[in-house]
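Just so it is clear, the structure is predicted and the values come from calculations on it, not from any experiment.
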Amino acid sequence: MRRLPLFPLPTVLLPGAPMPLHIFEPRYRQMVAHCVEGDERFGLVYHDPDREGPFHPDEERVGTVARIMKYDPLPDGRSMILCKGEERFVIREGVEGGAPYYEAVVMPYDDEAAPDPRLPARRRQSIALFHRVLREAIEAPPPYPHVDPEREVAFRLAQTVRIDPAWLQRLLETRDERDRLDQIDDLLRSVLEAHARGEWSPQAEGDE
């Protein structure tokens with residue numbers, strides 16, 4: 001277990017994904033300053049105040065450790081930071097400390113299933129479906145992004161999707177990679193089916 005500063009936002013940071021953030025609220029300015037002086041890490045937790053009301057560091061919330069890769073302070077005290085998602089965590093206990101920002105005791109949130117030697121073949125199916133979406137629905141010319149089937153794929157593919165953050169949070173909380181790949185495949189097939197019916201186009205996606 002470890003103690004971790006928390007940053008609740010109405011967005012989801014996936015493992016391996018980059019995320020730029022504008023830090024302007026005073027308490028999070030302090031949090032970022034503390035992180036930059038320390039190990040450069042905080043926990044990003046999905047929270048939509050319009051849906052859920054005020055944030056509480058509840059037990060069992062799942063988030064992602066964010067590592068600050070770049071820190072650009074601004075003259076008025078605000079800053080721009082670039083984070084990268086690392087491992088997932090689950091909150092075990094909120095901490096009532098002297099800091100103005102949220103803190104919690106967290107522990108790793110790993111997959112429940114043991115590594116499966118057949119996973120690379122399963123990952124290749126999702127990668128092929130992703131490339132098909134790029135080719136047929138997005139109409140993007142090759143070459144397509146390389147996705148390594150020897151590493152976790154679902155989070156990598158989900159980084160490219162603009163979708164309801166609540167859906168991404170469910171993906172983040174899924175503790176079996178095959179289940180995550182099934183969710184990604186269902187989403188990609190729905191894009192292909194909508195495109196075949198004329199209900200989806202790259203232009204319409206860009207206009208949203």
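In plain terms, the two heavy atoms of Arg123 and Leu181 that are nearest each other are CG-CD1, 4.1 Å. Nearest approach of Gln169 to Val62, heavy atoms of both residues: NE2-O, 3.0 Å.
For Ala196, there are no side-chain contact (heavy atoms from CB on, under 4.5 Å) partners two or more places apart in sequence or in a different chain. Annotation: side-chain contact (heavy atoms from CB on, under 4.5 Å) contacts of Arg170 (sequence neighbours excluded): Ala166, Trp167.
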N/O donor to acceptor pairs below 3.5 angstrom from side-chain atoms of residues 74-82, sequence neighbours left out:
| residue | atom | partner | partner atom | Å |
| --- | --- | --- | --- | --- |
| Asp76 | OD1 | Arg78 | N | 3.1 |
| Asp76 | OD1 | Arg78 | NE | 3.2 |
| Asp76 | OD2 | Arg78 | NE | 2.7 |
| Asp76 | OD2 | Arg78 | NH2 | 3.1 |
| Arg78 | NH1 | His22 | NE2 | 2.8 |

Identify each donor-acceptor pair in which a side-chain atom of residues 64-73 lies under 3.5 Å from a protein atom, sequence neighbours left out, and give them as a table.
| residue | atom | partner | partner atom | Å |
| --- | --- | --- | --- | --- |
| Thr64 | OG1 | Leu13 | O | 2.6 |

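In the displayed structure, Arg151 atom CZ is contacted under 6.0 Å by at most 12 heavy atoms of other residues, nucleotides or ligands. The environment of Arg197 atom CZ is dense: over 12 non-hydrogen atoms of other residues, nucleotides or ligands sit within 6.0 angstrom.
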- Worked verdict on Arg92 versus Glu60 for salt bridge (charged side-chain N to carboxylate O under 4.0 Å, His left out): CA-CA 6 Å; Arg92 284 297 177 229; Glu60 305 302 327; 2.6 Å; yes
- Can Asp116 and Arg178 be said to form a side-chain contact (heavy atoms from CB on, under 4.5 Å), step by step? CA-CA 10 Å; Asp116 185 342; Arg178 287 185 177 275; 3.3 Å; yes
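Panel note: side chain Glu152, backbone Ala154; a donor-acceptor pair is recorded below 3.5 Å.
No salt bridge links Arg180 with Asp185; every basic N to acidic carboxylate O contact stays at or beyond 4.0 Å.
For residues 14-25, every residue pair satisfying the salt bridge (charged side-chain N to carboxylate O under 4.0 Å, His left out) rule, not counting sequence neighbours, is listed here: Glu25-Arg27. Among residues at least two apart or in separate chains, salt bridge (charged side-chain N to carboxylate O under 4.0 Å, His left out) pairs with a member in residues 95-106 are Arg3-Glu103.
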